[in-house]
Amino acid sequence: MATARTSRKADTKLAEKYRFYLRQMLLIRRFEEKAGEAYSLGKIGGFCHLYIGQEAVGVGCLSQLRPDDYLTTTYRDHGQALARGMTARAVMAELFGKATGCSRGKGGSMHLFDASLGFLGGHGIVGGHIPLTAGIGFAIKYRQQDQVSVCFFGEAAVNNGAFHEALNMAGIWKLPCIFICENNRYGMGTALDRATSTWNISERAASYDMAREVVDGQDLGEVMAAMDRAVVRARRPAQPTLLEIRTYRFVGHSMSDPIHGHYRTKEEVEAHRKRDPILIWSERLKSEGLIDDAGIEQFDTEVKAEVQDAYDFADQSPDPEPGELYTDVYAPVKESA
Ligand SMILES: Cc1ncc(C[n+]2csc(CCOP(=O)(O)OP(=O)(O)O)c2C)c(N)n1
Ligand SMILES: [Mg+2]
């Protein structure tokens, strides 16, 4: 993990970071389990797409960004919001549609947003946000800055013209963009529901002038390394990248979709669960002597408490005032006197 030449101090810092990433993945897992529970109890309305199984993608990619970088994502956005530093309270309250949520209760699960974190949504239209990412990249380049513009989307988005237009322009204009395809093998509601390993997203983008990598999305170390390379390429002078990160969601597409039995078998899901990103990273840290079972247990206890606190906070928070229908969610919140 650390080379023999790195100092003991640097080693400790790295170890702390690696443990923190494990904690973040655990936080996302427990948060999503609680969100599923809250949905079943009728606390959350509308759609709710969980990130269980894909945690290493969000945590690994966002671990390589600076605070002033930007990202956009899909409706499957809770995990990335937490990994970017949004509090569990702000996310859970948004899921509950409460005034204390990150979008003041007006966005819900699919529209998490926090400009102060460069987290520019949470978008419900498949592929619709990919051109926004190119636009953000263009703005960065126009202002001669060195941030990067990152975008997460599912593999079904490559059937959408917006994907091709955005990647083409990003390649031509050399925009500081990183397009992250979370290839979880299923895009519900598309004609390709049953297609699995034949999907090769990277090859479908072969004509665009950018770097492309295929990455094992269950291995946090692999995700971090690929994202590190992409970020180095994207900062000035910019070269865009398409990362096809292969992963798997362990639960249904949304709360109305069964885990298995409809378009995938129980055996298939069980086989993928063996490559749980949290287990893989835990084993790696244990084998490096960076954590033990008691340490992992302690993280789990902490994040469960954090998630319970978020749930209670969301449950007890007020609904938005009716007058909020006429206000701009992106306008700064007025300080109360
Ligand atoms: C333009 C558009 N068409 C259809 C839908 C309905 N829809 C919602 S999610 C989804 C599947 C997307 O799958 P994928 O991009 O692989 O992401 P995943 O859900 O697997 O994370 C579809 C077709 C939509 N939201 N937007
Ligand atoms: Mg998919």
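Both ligands and their constituent atoms are indexed starting at 1 by order of listing.
- Considering backbone and side-chain atoms together, Q54 places no N or O closer than 3.5 Å to any N or O of ligand 1.
- Ionic pairing of D114 and R84 is not present here: no N-O contact between side-chain nitrogen and carboxylate oxygen is shorter than 4.0 angstrom.
- Salt bridge annotation for D300-R29: absent, with no cationic side-chain nitrogen under 4.0 angstrom from a carboxylate oxygen.
- Per-residue contacts place G154 under 4.0 angstrom from the following atoms of ligand 1 (heavy atoms of the residue considered): 14 (P), 15 (O), 16 (O), 17 (O).
- Nearest to atom 23 (C) of ligand 1 by heavy-atom distance, out of H253, M188, H49, is M188.
- Contact check on K286 versus D292 returns no salt bridge, with no Lys/Arg side-chain nitrogen under 4.0 Å from an Asp/Glu carboxylate oxygen.
- Ion pairing between R89 and D312 fails under the 4.0 Å rule for side-chain N and carboxylate O.
- Atom numbering of ligand 1 starts at 1 in the shown order; those under 4.0 Å from a heavy atom of I125 are 1 (C), 26 (N).
- Listed by number with element, the atoms of ligand 1 under 4.0 Å from a non-hydrogen atom of E155 are 15 (O), 16 (O).
- Note that CZ of R233 and OG1 of T241 are 3.5 Å apart. Values are rounded to the nearest 0.5 Å.
- Between E306 and R23, at least one side-chain N (NZ, or NE/NH1/NH2) sits under 4.0 Å from a carboxylate O, which counts as a salt bridge.
- Contacts with ligand 1 closer than 4.0 Å are made by backbone heavy atoms (N, CA, C, O) of A157 only, the side chain lying farther away.
- Ligand 1 has an N or O atom lying under 3.5 Å from an N or O atom of N184, backbone or side chain.
- Which of N183, V126, T74 comes nearest to atom 2 (C) of ligand 1 through a heavy atom is settled by distance: it is V126.
- Of the polar atoms of R249, none of the N or O atoms is found under 3.5 Å from an N or O of ligand 1, judged by distance alone.
- Counting heavy atoms closer than 4.0 Å to ligand 1, residue F153 contributes nothing at all.
- Angle O(Y186) to the Mg ion (ligand 2) to OD1(N184): 90° [nearest 10 degrees].
- For the pair E222 and R246, the salt-bridge criterion is not met [side-chain N within less than 4.0 Å of a carboxylate O].
- In this structure, F163 has its ring center closer than 6.0 angstrom to the ring center of F153.
- Within the listing of ligand 1, atoms 18 (P), 19 (O), 21 (O) sit less than 4.0 angstrom from a heavy atom of R76.
- For the pair K13 and E16, the salt-bridge criterion is not met [side-chain N within less than 4.0 Å of a carboxylate O].
- Within the 2.8 Å limit, E155 places at least one N, O or S atom next to the Mg ion (ligand 2).
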